Amino acid sequence: MSTDNMTNQESSTKRKKIQKIGVFTSGGDAPGMNAAVRAVTRAAIAHKLKVVGIRRGYQGMIEGDFINLKSTDVSGIMHQGGTILKTARSKEFRTPEGREKAYQQLKKAEIDAVVVIGGDGSFTGALVFSQDYDIPFVGIPGTIDNDIYGTDYTIGYDTALNTVVEAVDKIKDTARSHGRIFFVEVMGREAGLLALSSGIACGAEAILIPESSDNGSSLNRFLAKGYKDKETSGIVMVAEGEEAGGAMKIAEQVRKDHPDLDVRVSILGHIQRGGNPSAQDRIAATKMGVAAVDALLDDQKSIMIGLMNNKIVHVPFNKAIKLNHSIDEDLIDIQKVLLTNQ
Ligand code: F6P
């Protein structure tokens with residue numbers, strides 16, 4: 001956020017407080033996290049701050065697994081998937097003792113402020129920590145699920161979407177050759193956006209997501225009309241959080257109900273989390289990384305940096321983690337229109 005309405009003197013007085021920031025990645029990795037680490041590091045250095053990389057998420061914070069980051073340490077990482085800082089889901093940080101240890105490690109390393117790159121679990125950790133300790137945290141949303149309230153976009157989603165589309169294009173070749181129905185399971189935890197968007201991009205015959213009440217009938221419509229009448233192949237996208245319990249279970253039921261159909265299942269799994277980040281993920285990560293450092297210098301804390309209509313926004317952690325990221329209803333409507341014509 002800009003400091004346009006502050007005098008230069010006010011701005012530099014505020015900005016003197018922070019001298020060293022920590023940056024870490026947490027929860028499930030997502031392509032583009034490295035671009036965010038790079039942007040945070042370089043923006044901080046541009047403001048004459050020192051930067052410390054905290055390795056292995058909150059667990060590394062508890063154990064003091066820190067490395068000093070210079071500008072050259074983040075060279076050549078922009079295009080790499082995964083996270084050079086590594087990541088973890090720490091049970092110990094959920095305890096008051098774990099958080100106390102983390103605080104002592106941050107103090108010992110003279111870290112005044114922290115940027116956390118992760119999903120809602122990571123922001124929950126930061127919010128709980130900030131209730132007891134005075135070190136400010138600012139978050140950058142990084143998860144392939146794109147399920148965080150207050151931002152149109154989370155780092156990693158675009159790359160994962162393209163990975164799914166590429167994989168399903170290949171599955172379609174073999175599905176068509178054999179006249180088979182494939183149930184393709186896509187990640188996203190309780191959110192169906194990745195399945196919905198990839199299903200639309202791949203021209204799937206049915207898309208089953210937790211946010212829709214129409215899953216059973218859209219699948220039956222395809223089985224009865226699209227497949228049986230036309231004897232073609234078909235792709236059914238299934239979000240892992242769909243209430244029927246995933247692609248395996250649904251396919252099992254379809255096999256029982258329609259023993260004449262040739263059904264296969266493909267669970268795409270962690271392939272969706274890897275790979276070189278797309279240009280969009282790199283750019284979003286870079287924008288948000290720079291904005292996170294600006295926010296800390298402007299005395300902000302317990303907020304997530306988001307992108308709404310391509311503009312940087314600040315979202316309080318308590319909103320980002322408690323409210324739901326709503327599914328794009330337009331996409332659901334589009335899917336319905338197209339499937340009606342099957
Ligand atoms: O949140 C990202 C995500 O990939 C989800 O889509 C998925 O449900 C989960 O993480 C898998 O987590 P893990 O890698 O710990 O099995």
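Remember, it's 1-based here, ligands and their atoms both numbered in the order they're listed. Keep in mind that this is a model prediction, so the values were computed, not measured.
- Each of Arg89, Thr143, Ile144, Asp145, Met187, Gly188, Arg189, Glu240, His270, Arg273 has a non-hydrogen atom positioned under 4.0 Å from some atom of ligand 1.
- By the side chain to side chain contact (heavy atoms under 4.5 Å, CB included) test, Asp152 is found to be paired with Met308, Asn309, residues two or more places apart in sequence or in another chain being considered.
- Side-chain contact, Ser278 with Asp158: a donor N or O sits under 3.5 Å from an acceptor N or O.
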Which donor-acceptor pairs under 3.5 Å do side chains of residues 195-202 form with protein atoms, sequence neighbours excluded?
unit_1 : atom_1 : unit_2 : atom_2 : d
Ser197 : OG     : Tyr157 : OH     : 2.7
Ser197 : OG     : Leu193 : O      : 3.0
Ser198 : OG     : Leu194 : O      : 2.6
Ser198 : OG     : Ala195 : O      : 3.2

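- Ring-centre distance between Tyr58 and Phe129: not below the 6.0 Å cut-off.
- Under the 3.5 Å distance criterion, with hydrogens and angles disregarded, a donor-acceptor pair is assigned to the side chains of Tyr153 and Asp281.
- For residues 85-95, the salt bridge (charged side-chain N to carboxylate O under 4.0 Å, His left out) pairs, not counting sequence neighbours, are Glu92-Lys101.
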